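So the structure is just underneath, and the comments pick up after that.
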Amino acid sequence: MENVNRMDLPKFVYAGFFIRCCAYIIDIIIVKCIYNVIFSFANSLGNSNIISTILYNLVLLFYFAVTLKYTHGQSVGKILFGIRVISIKDDELSWDTVITREIFLRYIQNKIFILYMLCAFNSQKQNLGDMFSDTVVVKNREFDYFLKSKNNENNK
């Protein structure tokens with residue numbers, strides 16, 4: 001379907017830091033809501049900081065991994081802002097790619113928040129998780145337009 005080298009996408013296709021940040025804020029609000037619902041049920045088991053931290057991290061990983069895998073690289077925040085994660089090497093995101101990306105983003109990059117700024121200075125707008133998982137975040141409309149124009153060129 002996509003006869004294009006994903007390493008050679010034009011710069012206007014990549015989603016930058018601020019749009020990604022806005023999508024992330026929406027997603028974190030959703031994760032917090034899910035966590036609060038689950039925690040209110042789990043709270044009957046005892047109120048422990050360790051349990052609540054583990055539970056929050058599991059909800060966070062589950063939310064991002066499942067939404068990225070089953071909605072073609074989009075979470076709710078990404079859908080609202082018209083962006084998505086794509087693999088540079090494959091047509092679809094694999095579970096390995098999604099899990100690798102999310103572990104680096106949520107558990108390593110969250111500890112050193114300045115690493116999120118990498119996408120502001122990288123030509124493909126990649127952050128650490130994207131680099132390790134060979135993914136990029138693209139703007140849907142621009143990416144689809146680029147693919148259509150490349151496919152039209154190839155069909156001539």
Side-chain angles (χ1 to χ4, degrees), residues 1-35 38 53-156:
M1 176 183 154
E2 298 172 9
N3 295 333
V4 65
N5 181 353
R6 291 172 180 232
M7 293 296 287
D8 296 330
L9 295 174
K11 290 185 182 200
F12 71 85
V13 171
Y14 300 113
F17 172 78
F18 290 107
I19 194 167
R20 292 170 68 158
C21 184
C22 292
Y24 181 70
I25 290 169
I26 298 294
D27 289 327
I28 289 302
I29 291 170
I30 293 168
V31 167
K32 293 266 186 187
C33 291
I34 294 168
Y35 166 77
I38 293 171
T53 301
I54 291 170
L55 184 60
Y56 178 78
N57 284 317
L58 288 173
V59 169
L60 188 72
L61 180 62
F62 183 79
Y63 171 81
F64 280 103
V66 169
T67 57
L68 289 184
K69 179 63 179 156
Y70 290 114
T71 59
H72 304 289
Q74 293 186 291
S75 60
V76 173
K78 286 179 182 65
I79 290 168
L80 291 175
F81 284 92
I83 60 178
R84 71 175 175 242
V85 178
I86 63 168
S87 173
I88 293 173
K89 296 181 176 181
D90 302 311
D91 286 338
E92 294 288 325
L93 292 171
S94 68
W95 276 112
D96 290 345
T97 300
V98 169
I99 297 298
T100 301
R101 182 178 192 278
E102 294 310 314
I103 286 173
F104 274 99
L105 284 175
R106 309 301 163 219
Y107 302 112
I108 295 172
Q109 200 162 291
N110 271 356
K111 304 298 183 236
I112 308 169
F113 196 72
I114 194 76
L115 291 175
Y116 277 103
M117 293 300 292
L118 284 175
C119 68
F121 305 105
N122 182 293
S123 64
Q124 292 182 311
K125 310 276 189 214
Q126 290 177 298
N127 59 31
L128 191 63
D130 293 322
M131 290 176 194
F132 279 106
S133 61
D134 293 321
T135 59
V136 292
V137 180
V138 296
K139 298 178 230 169
N140 287 336
R141 210 171 20 180
E142 288 82 348
F143 181 67
D144 291 342
Y145 173 80
F146 176 74
L147 287 180
K148 285 178 187 174
S149 67
K150 277 296 193 186
N151 286 334
N152 286 341
E153 285 177 17
N154 292 339
N155 291 335
K156 290 182 179 182

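Here the structure is a predicted model, which is why all the values come from computation and not from measurement. Residue indices begin at 1 and follow the sequence shown.
- The two residues Ala65 and Ile99 make their nearest non-hydrogen contact at CB-CD1, 4.0 Å.
- Using a 4.5 Å heavy-atom cutoff, the side chains of Tyr14 and Glu142 are not in contact.
- With contacts defined as side-chain heavy-atom distances shorter than 4.5 Å, the pair Lys78/Thr71 does not qualify.
- When all heavy atoms are compared, the tightest approach of Asn127 to Leu118 is CA-CB, 4.2 Å.
- Minimum heavy-atom separation, Pro10 to Phe146: CD-CE1, 3.3 Å.
- Seen from the ring of Phe81, Lys139 does not count as a face-on cation partner, given the 6.0 Å and 45° thresholds.
- Screening residues 115-136 for salt bridge (charged side-chain N to carboxylate O under 4.0 Å, His left out) gives Arg20-Asp130, Lys89-Asp134, Arg101-Asp130 as the qualifying pairs, with residues at least two apart or on separate chains.
- Partners of Tyr35 according to the side-chain hydrogen bond (donor to acceptor under 3.5 Å, both in side chains) rule, which considers only residues two or more places apart in sequence or in another chain, do not exist here.
- The aromatic rings of Phe64 and Tyr24 sit parallel to each other, their planes meeting at less than 30°, with 60° as the upper class boundary.
- The backbone N or O of Thr97 lies less than 3.5 Å from no partner atom in the side chain of Thr100, so there is not a single donor-acceptor pair.
- With hydrogens and angles ignored, the 3.5 Å screen pairs a side-chain donor or acceptor of Gln126 with a backbone N or O of Thr135.
- For the pair Thr67/Gln74, no side-chain contact is recorded, criterion being any heavy-atom separation below 4.5 Å from C-beta on.
- Take Phe132 and apply the ring-ring contact (aromatic ring centres under 6.0 Å, His included) test, not counting sequence neighbours, and it matches Phe104.
- Leu128 pairs with exactly one of Asn122, Ile112, Ile108 by the side-chain contact (heavy atoms from CB on, under 4.5 Å) rule, that one being Ile108.
- When the options Leu55, Ile54, Thr53, Leu61 are evaluated for a side-chain contact (heavy atoms from CB on, under 4.5 Å) with Asn57, the one that passes is Thr53.
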